[in-house]
Amino acid sequence: MLDSVIKVLNDVRKKTPLIHAITNNVVINDNANALLSFGASPAMVVSPDEAYDFTAISKALYINIGTINDEIRHTIINSTLSAKEHKVPVVVDPVGCAAIKSRVDFVKMLLKIGNIDIIKGNVGEIKVLLGVETKVRGVDSLDDGNDAPDVCYELANSINTTIVATGKFDYISDSRRKIIVKNGTEMFTKITGAGCTLGAIMAATRAVCDDSVLAALTALLAVNIAGELAAEESTLPGTFRTKFYDYLYILNGDLIKERAKFEEIGGKISETF
Ligand SMILES: Nc1ncnc2c1ncn2[C@@H]1O[C@H](COP(=O)(O)OP(=O)(O)O)[C@@H](O)[C@H]1O
Ligand SMILES: Cc1ncsc1CCOP(=O)(O)O
Ligand SMILES: [Mg+2]
């Protein structure tokens, strides 16, 4: 199964997929650099009248609602419709939806008008999408995530989309599988945009891999292992962030094999892929 993960990692470098990233103003440059370091080709095209055609020529669409406004909502709708029409995979990061109710309605509308392959958020954001009580502070989750595996599985089944919930541990679920990923570093909580960057990387892996669970697992292992390596060299946020990009660039199959910590909950991972 790790061989499948390593193949996805290498395929991103080999194919350099064009990723249409409609992301927030806080992390737009971070996301572009992370995608480049990881081997993809980012394009942050945000004009409503360019969105439909640009998504059509992209290999995946990344939608991050962190700083949406009327114009960006327009852009996102046009790109979501184009992605459905042109069978372009879509990853959505519902940033802040646990604190801002209208964002839940917007994500639900995207699910209605488009084909969303993966929704990736922190535990608080994912629980609110399922309508479950949680604790957040703005865009950050304060939820302990103990019930996250079942929440992800239930949401995945109810909207027929692969769900990823992040935090100290990360959870992936589609209608069949539940996976827990135990890699990562607390240093990610000291920088802004860790989750947003993970979403961008997940769009790159999904661009080269039709299995959303495998694409999500590859992105989680890549980002979290790069973070672990960076944290071993820097305990200060600024240096950690720079080292993180370096390790996204350096990352290889041996480092993944050496450090990957994940398991399938209630099943045998080897049967999964
Ligand atoms: N306490 C932690 N320990 C280890 N990894 C963490 C921790 N908190 C977050 N991460 C990692 O940081 C990344 C972003 O997760 P999270 O902080 O939940 O997202 P967001 O930034 O959207 O709130 C994920 O890859 C996650 O595994
Ligand atoms: C601080 C902030 N405000 C709006 S979007 C954003 C970045 C959130 O990034 P992440 O979800 O990765 O923590
Ligand atoms: Mg986030």
Side-chain angles (χ1 to χ4, degrees), residues 2 5-14 16-17 19 21 23-42 44 62 64 66 91 93 95 118 120-123 139-141 145 164-172 179-208 214-263:
L2 266 183
V5 166
I6 293 163
K7 182 178 181 316
V8 173
L9 179 82
N10 293 332
D11 280 350
V12 173
R13 274 90 182 259
K14 250 189 282 179
T16 319
I19 308 300
T23 188
N24 66 71
N25 302 334
V26 176
V27 300
I28 189 164
N29 182 261
D30 296 346
N31 286 182
N33 277 309
L35 281 165
L36 270 176
S37 296
F38 195 60
S41 170
M44 312 340 238
Y62 176 44
N64 177 305
V91 174
D93 186 340
V95 179
I118 299 173
K120 185 259 6 135
N122 59 43
V123 169
V139 298
D140 292 330
S141 172
V164 177
T166 59
K168 184 173 186 321
F169 297 135
D170 301 317
Y171 304 91
I172 312 167
I179 294 175
I180 179 171
V181 179
K182 296 184 175 175
N183 290 95
T185 169
E186 201 177 1
M187 281 304 293
F188 277 132
T189 62
K190 312 289 181 215
I191 62 169
T192 191
C196 298
T197 295
L198 171 65
I201 298 295
M202 210 168 280
T205 55
R206 183 59 181 77
V208 301
L214 175 56
L217 178 61
T218 305
L220 276 166
L221 290 174
V223 164
N224 282 337
I225 290 169
E228 284 174 8
L229 291 159
E232 283 165 16
E233 294 181 20
S234 47
T235 53
L236 295 173
T239 330
F240 167 76
R241 183 164 159 268
T242 305
K243 290 263 177 206
F244 170 50
Y245 291 128
D246 291 349
Y247 276 108
L248 277 179
Y249 184 76
I250 298 170
L251 201 65
N252 59 36
D254 292 343
L255 287 167
I256 298 260
K257 271 198 181 119
E258 190 186 300
R259 291 170 171 259
K261 287 185 278 187
F262 67 97
E263 63 209 38

Side chain to side chain donor-acceptor pair (under 3.5 Å) partners of Asn29, counting only residues at least two apart: Asn33
Backbone N/O of Asn64 and side chain of Asn24: donor-acceptor pair under 3.5 Å: no
Considering residues at least two apart in sequence or located in another chain, which fulfil the side chain to side chain contact (heavy atoms under 4.5 Å, CB included) criterion with Asn31? Thr23, Val27, Met44, Tyr62, Cys196, Thr197, Ala200
So, taking the atom named CG in Asp246 and the one named OG in Ser37, what distance separates them when rounded to the nearest 0.5 Å? 7.5 Å
Answer yes or no: is there a side-chain heavy-atom contact under 4.5 Å between Phe262 and Ile172? no
With salt bridge (charged side-chain N to carboxylate O under 4.0 Å, His left out) as the rule and sequence neighbours excluded, what pairs involving residues 180-198 come up? Lys182-Glu263
Can you see which heavy atom on Leu248 is nearest to which on Ala222, and at what distance? CD2-O, 4.3 Å
For the residue pair Phe38 and Leu9, establish whether any side-chain heavy-atom pair is separated by less than 4.5 Å. yes
Could you report the tightest heavy-atom contact between Val12 and Pro17, atom names first, then the distance? O-CD, 3.5 Å
Measuring from atom CG of Leu36 to atom OG1 of Thr16, what distance do you get when rounded to the nearest 0.5 angstrom? 10.0 Å
Return the set of residues passing side chain to side chain contact (heavy atoms under 4.5 Å, CB included) with Thr192 (not counting sequence neighbours), or none when no residue passes. Val26
Exceeds 12 heavy-atom contacts within 6.0 angstrom, atom OH of Tyr249: no
Do Asn10 and Ile6 make a side-chain contact, defined as non-hydrogen atoms from C-beta onward lying under 4.5 Å apart? yes
Interatomic distance, CE@Met202 vs NZ@Lys120, rounded to 0.5 Å, equals 7.0 Å
Roughly how far, to the nearest 0.5 Å, is the CD1 atom of Ile225 from the CD1 atom of Ile256? 4.5 Å
Name all residues meeting the salt bridge (charged side-chain N to carboxylate O under 4.0 Å, His left out) criterion together with Arg259; count only those two or more places apart in sequence or in a different chain, and write none if there are none. Glu228, Glu232
Could you list the residues that satisfy ring-ring contact (aromatic ring centres under 6.0 Å, His included) with Phe244, not counting sequence neighbours? Phe188
Using the test side chain to side chain contact (heavy atoms under 4.5 Å, CB included), find all partners of Asn25 that sit at least two apart in sequence or belong to another chain. Thr67
Correct closest heavy-atom pair for Val91 and Gly199 would be CG1-O, 3.9 Å
How many angstroms lie between CG in Leu2 and CG in Leu221, if you round to the nearest 0.5 Å? 7.0 Å
Thr205 side chain vs Ala215 backbone, donor-acceptor pair below 3.5 Å: yes
Positive for side chain to side chain donor-acceptor pair (under 3.5 Å) with Asp170, one of Asn122, Asn224, Asn183: Asn224
Would you mind listing every salt bridge (charged side-chain N to carboxylate O under 4.0 Å, His left out) that reaches into residues 191-204, with sequence neighbours excluded? none
Non-neighbouring partners of Tyr247 that pass ring-ring contact (aromatic ring centres under 6.0 Å, His included), sequence neighbours left out: none
Is there a donor-acceptor pair under 3.5 Å between the side chain of Thr239 and the backbone N or O of Thr235? no
How close do Thr185 and Ala231 get, counting heavy atoms only, and between which atoms? OG1-CB, 3.4 Å
For Lys7, side chain to side chain contact (heavy atoms under 4.5 Å, CB included) partners two or more places apart: Asp11
For residues 28-39, which residue pairs qualify under salt bridge (charged side-chain N to carboxylate O under 4.0 Å, His left out), counting only residues two or more places apart or in two chains? Asp30-Arg241
Here the pair of heavy atoms bringing Ser234 nearest to Phe240 is OG-CA, 3.1 Å
Salt bridge (charged side-chain N to carboxylate O under 4.0 Å, His left out) involving Lys257 - partner list, sequence neighbours excluded: Asp3
Where Pro42 and Leu35 come nearest, the two heavy atoms and their spacing: CB-CD1, 3.7 Å
